[in-house]
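Shown next, in structure tokens, is the structure this report addresses.
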Amino acid sequence: MENTFDIYRSENVKFEALSREFYQKPTLELSSNLIGTYLVHEHSSGTLAVKIVEVEAYLGAVDRAAHSFGNRRTKRTEVMFGGAGSVYMYQMHRQVLMNVVSGPEGTPEAILIRAGEPILGESLMQEFRDGRKKLEWTNGPGKLSKALDVSMEYYGHKWWEQPLYIAKGESVQSIETGPRVGIGNSLEAVHYPYRFFEKDNPYVSKFRP
DNA sequence: AATATGATTCACT
DNA sequence: GTGAATCATATTA
């Protein structure tokens, strides 16, 4: 496996990075497939990992809620015009949001990683999340970045390469869909059911009307 | 050069 | 539940 590598931790947990080929599929299908995978950050202080439990798809040119609506191409959205599997990082207020670029080259689609369930590195996460309750560590896109200590430096990184990668995870019993969060000004796109999450997982973020 | 605006979070009431 | 924070990015002049 050319793009696959294994990492062994003291807890005897093994992570197998998903290959570049994993990302070559329609965005909504990829979104669904990402639920249950592991998001891993090999931090200098230790390995951090969460199970992805919530994502949202942004379908580029035809999706009014996407930054790339109408094929808008700027320095910020540039990476979405490349091939699938790159990291699109977006910063708002004080938060950093992680995305998986999707779709073939020239098709600026992406998937926002909104929430995760802590798997490994909990003491570090607690530190990065300033001692908050465990349920509040990773139940939102900005919180997730903070818990994994990920910042804008990963813009353009590839999701199959260390030290920040997505790995094979667990199969999830039931995936639900619904409208996306926080896009109330996006007209007709408000109701598109492009949010995917694991049913009944307590780390899924709260919907904001 | 100036302004408007969030794919959010947190502290408060 | 409400509102402020707070700043990069995009847009307008």
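A note on names: the letters A, B, ... follow the listed sequences, proteins ahead of strands, and every chain is numbered from 1.
Annotation: proximity of residues 64-76 of chain A to DNA chain B (heavy atom, distance under 4.0 Å) is found for A:Ala65, A:His67, numbered in ascending order.
A donor-acceptor pair under 3.5 Å links the side-chain atoms of A:Ser31 to the main chain of A:Thr27, judged by distance alone.
Atom CZ of A:Arg114 is separated from atom OG1 of A:Thr138 by 12.5 Å, given to the nearest 0.5 angstrom. A distance of 9.0 Å separates CE of A:Met98 from CD1 of A:Ile166, quoted to the nearest 0.5 Å.
Contact between the side-chain N/O atoms of A:Arg94 and the OP1/OP2 oxygens of C:dC7 is found at a separation under 4.0 Å.
Taking both residues in full, the closest heavy atoms of A:Lys158 and A:Ser86 are given as NZ-OG, 2.7 Å, listed atom of the first, atom of the second, then distance.
A salt bridge links A:Glu198 with A:Lys51; the closest basic N to acidic carboxylate O contact falls under 4.0 Å. Salt bridge A:Asp63/A:Arg180: present, at least one basic N to carboxylate O contact under 4.0 Å.
Under the 6.0 Å cut-off for aromatic ring centres, A:Phe128 and A:His41 do not qualify, their centroids lying 6.0 Å or more apart.
When both distances must be under 3.5 Å, the Watson-Crick or G-U wobble mate of C:dA10 is B:dT3.
In the hydrophobic clustering of this structure, A:Leu97 groups with A:Met152; members are Ile, Leu, Val, Met, Phe, Trp, Tyr whose side-chain heavy atoms approach within less than 4.5 Å, directly or through other members.
At the heavy-atom level, A:Asn185 lies under 4.0 Å from the strands shown only through sugar-phosphate atoms. At the heavy-atom level, A:Ile183 lies under 4.0 Å from the strands shown only through sugar-phosphate atoms.
If A:Arg208 and A:Arg132 are placed on DNA chain B by their nearest nucleotide, the residue sitting closer to the 5' end is A:Arg208.
One can place OH of A:Tyr90 at 14 Å from P of C:dC7, the figure rounded to the nearest angstrom.
For DNA chain B, the outermost nucleotides in 5' to 3' order that have an atom under 4.0 Å from a heavy atom of chain A are B:dG6 to B:dA11.
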